[in-house]
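A note on names: the letters A, B, ... follow the listed sequences, proteins ahead of strands, and every chain is numbered from 1.
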Amino acid sequence: MRAGLEHWVVGRRIAAVEVFGDRTLRRHAPGPADFIARLTGRTITAARRRGKFLWLPLDDGANLLAHLGMSGQFLAVPEGGKPSKHTKARWRFDDGGPELRFCDQRTFGGLALADDELSADGVPRALGHVAPDPLEPAFDPRRFAATLRRRRTGVKRALLDQTLVSGIGNIYADEALWHAKLHFARGTDGLRPGEIGRLLGAVDDVLRAAIAAGGTSFDALYVAVNGESGWFDRSLEVYGQAGEPCSRCGTSIIRMRFTNRSSYLCPKCQPRPRRGRW
DNA sequence: ACATCCACCTGCTCGC
DNA sequence: TGCGAGCAGGTGGATG
């Protein structure tokens, strides 16, 4: 999504902004009128992200922050069409080219405008609580390993905790744990250095492969800025694969309940710990 | 400070 | 066909 935004909107000057509904800007305290006024006339200078948060730096130093939540998407479409039911915001540009839309069915996504200075590692201060993701230079594997072993929780919870490491959600956590042959309930404090190394290697591989594939598109909600699907779903080893044979050992993949959601794993490759932490 | 739970939403699919 | 239950790729504020 970040790469798509870079391609479609960087370098363009915003001519008009519209906001639909009142949930999308719930994190923008000054409200929609302020949001619109401060974006109009600005040029987008870059497209950045940390984990699952995106931001578009503007030519006046402010940053348009975005999170897609569960069902948010940015789409570039020919200018002037009627916004669809779930369109929450739209930006038109003074070059008359494609407009940008933010669409969001479940409304867990959101937009905000931050005009304060970036923190030392180049991230808007509003995202200060979000840890570096494994693909950025600021990510420190040794520091992550040390923090992990100080925690008293299960390894999957830790992977999903964006204050520990960002960018990993339910799918990529399950995929990385399968690649590293770890059960999700393994306690973080009992992980051996080699296992943490394996896990980090797996996380890195999974994230890079998923990005290279354009993401994981189960349906039309999960598409790139140009509307195209990613194809990482064809590389999924466990997520959504209950009943399918494990590609390593042939054992049937199972689905388990895990904190009101699902975890998929191979019961043989990822043996349950004697004293697990969920 | 840390760990965990739950609310926040819409829409689709499934079983009865 | 209707209806309720369950489920969906996340986050952050409240509560232990």
Side-chain angles (χ1 to χ4, degrees), chain A residues 1-2 20-29 49-55 65-74 84-88 102-112 124-131 133 146-178 184-190 203 206-207 209-211 213-224 229-243 255-264 276-278:
Chain A
M1 191 62 81
R2 189 211 63 79
F20 309 99
D22 53 7
R23 266 189 65 75
T24 300
L25 290 185
R26 66 193 181 283
R27 307 247 167 235
H28 185 71
R49 73 169 183 85
R50 164 170 279 189
K52 291 174 267 197
F53 288 86
L54 292 158
W55 68 95
L65 305 180
H67 195 287
L68 303 177
M70 295 283 259
S71 57
Q73 49 186 174
F74 279 109
S84 62
K85 182 179 175 185
H86 296 301
T87 301
K88 303 302 180 188
F102 179 70
C103 305
D104 191 12
Q105 179 187 100
R106 289 176 70 187
T107 74
F108 288 174
L111 304 170
R125 294 192 185 279
L127 307 186
H129 64 295
V130 182
D133 75 63
T147 313
L148 196 63
R149 265 179 300 182
R150 260 184 273 120
R151 284 287 188 100
R152 295 270 185 281
T153 190
V155 64
K156 182 170 174 180
R157 269 190 199 282
L159 288 179
L160 295 176
D161 183 345
Q162 307 294 300
T163 68
L164 219 53
V165 56
S166 68
I168 305 166
N170 203 32
I171 295 180
Y172 300 144
D174 280 3
E175 292 300 303
L177 289 168
W178 178 86
F184 64 80
R186 286 288 303 277
T188 50
D189 49 341
V203 163
V206 165
L207 291 181
I211 289 170
T216 307
S217 303
F218 289 133
D219 58 42
L221 283 183
Y222 306 107
V223 297
S229 293
W231 60 86
F232 192 73
D233 56 322
R234 277 173 258 167
S235 301
L236 295 176
E237 297 283 358
V238 285
Y239 190 86
Q241 308 300 309
R255 169 180 176 266
M256 296 182 71
R257 306 244 2 137
F258 168 80
T259 60
N260 286 327
R261 51 184 8 136
S262 297
S263 272
Y264 296 87
R277 293 180 188 277
W278 289 45

Between [X] ([atom1]) and [N] ([atom2]), how many Å, whole number?
X	N	atom1	atom2	result
A/Phe258	C/dG10	CZ	P	12 Å
A/Asp233	C/dA8	CG	P	16 Å
A/Arg106	C/dC7	CZ	P	13 Å
A/His129	C/dT11	NE2	C1'	8 Å
A/Phe108	C/dA8	CZ	P	13 Å
A/Leu127	C/dG10	CG	P	17 Å
A/Met256	C/dC7	CE	P	14 Å

Give one of base, sugar-phosphate or nothing for [X], where a contact means two heavy atoms less than 4.0 Å apart.
X	value
A/Ser71	nothing
A/Arg23	sugar-phosphate
A/Phe232	nothing

Phosphate contact (C/dC7 OP1 or OP2) by A/Arg255 side-chain N/O below 4.0 Å: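 The answer is yes; a side-chain N or O of A/Arg255 sits under 4.0 Å from OP1 or OP2.
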Kindly say if A/His67 contacts the phosphate of C/dG10, meaning a side-chain N or O under 4.0 Å from OP1 or OP2.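 No, outside the criterion.
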Who pairs with [X] by ring-ring contact (aromatic ring centres under 6.0 Å, His included), at least two apart in sequence or on another chain?
X	value
A/Tyr264	A/Tyr239
A/Trp278	A/Phe184
A/Phe108	none

So, A/Ser262 versus A/Arg255: side-chain donor-acceptor pair below 3.5 Å or not?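 Indeed, the side chains of A/Ser262 and A/Arg255 share at least one donor-acceptor pair under 3.5 Å.
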List in numerical order all residues of residues 147-158 of chain A for which some heavy atom is under 4.0 Å away from an atom belonging to DNA chain B.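 A/Arg151, A/Arg152, A/Thr153, A/Arg157, in order of number.
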Tell me, please, which residues at least two apart from [X] pass side chain to side chain contact (heavy atoms under 4.5 Å, CB included).
X	value
A/Ser235	A/Phe232
A/Gln105	A/Ser71, A/His86, A/Leu221
A/Ser229	A/Ser217, A/Val223

Counting N and O atoms only, with roles assigned by atom type, does the side chain of A/Glu175 sit under 3.5 Å from a partner on the main chain of A/Asn170, one being a donor and the other an acceptor?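 Not a single qualifying donor-acceptor pair exists.
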Distance between P atoms of C/dT11 and B/dG11 (Å, rounded):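 Those two atoms are separated by 22 Å.
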If you measure from the P atom in B/dC6 to the same atom in C/dG6, how many Å do you get, rounded?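 It works out to 15 Å between them.
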Minimum heavy-atom separation for A/Lys156 to A/Ser263, with atom names?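 It is NZ-OG, 2.6 Å.
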Taking side chain as C-beta onward, heavy atoms only, is [X] less than 4.5 Å from [Y]?
X	Y	result
A/Leu25	A/Leu111	yes
A/Lys52	A/Val130	no
A/Phe258	A/Leu160	yes
A/Leu159	A/Leu177	yes

Separation between CZ of A/Arg157 and CZ of A/Arg151, rounded to the nearest 0.5 Å: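 CZ of A/Arg151 is found 11.0 Å from CZ of A/Arg157.
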Heavy-atom contact window of chain A on DNA chain B, given 5' to 3' at under 4.0 Å: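 Range of nucleotides within reach of chain A: B/dA3 to B/dG11.
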Atom CG of A/Asp189: over 12 foreign heavy atoms under 6.0 Å: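 Counting other residues, nucleotides and ligands, CG of A/Asp189 exceeds 12 neighbours.
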Under the salt bridge (charged side-chain N to carboxylate O under 4.0 Å, His left out) test, residues paired with A/Arg49 that sit two or more places apart: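 Salt bridge (charged side-chain N to carboxylate O under 4.0 Å, His left out) list for A/Arg49, sorted by chain: A/Asp133.
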Do A/Asp104 and A/Arg23 sit within salt-bridge range, that is, some charged N less than 4.0 Å from a carboxylate O?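 A salt bridge is absent here (no side-chain N lies under 4.0 Å from a carboxylate O).
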Under-3.5 Å N/O pairs linking protein and nucleotides 13-16 of chain C:
| unit_1 | atom_1 | unit_2 | atom_2 | d |
| --- | --- | --- | --- | --- |
| C/dG13 | OP1 | A/Arg27 | NH1 | 3.3 |

Contacting residues from residues 161-171 of chain A, given that a heavy atom lies under 4.0 angstrom of DNA chain C: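 Within this stretch, A/Gln162, A/Gly169, A/Asn170, A/Ile171 sit under 4.0 Å of the strand.
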Which string of ( ) [ ] | and . matches DNA chain C, if you list each base 5' to 3' and count Watson-Crick or G-U pairs only when both distances are under 3.5 Å? .|||||||.|||||||
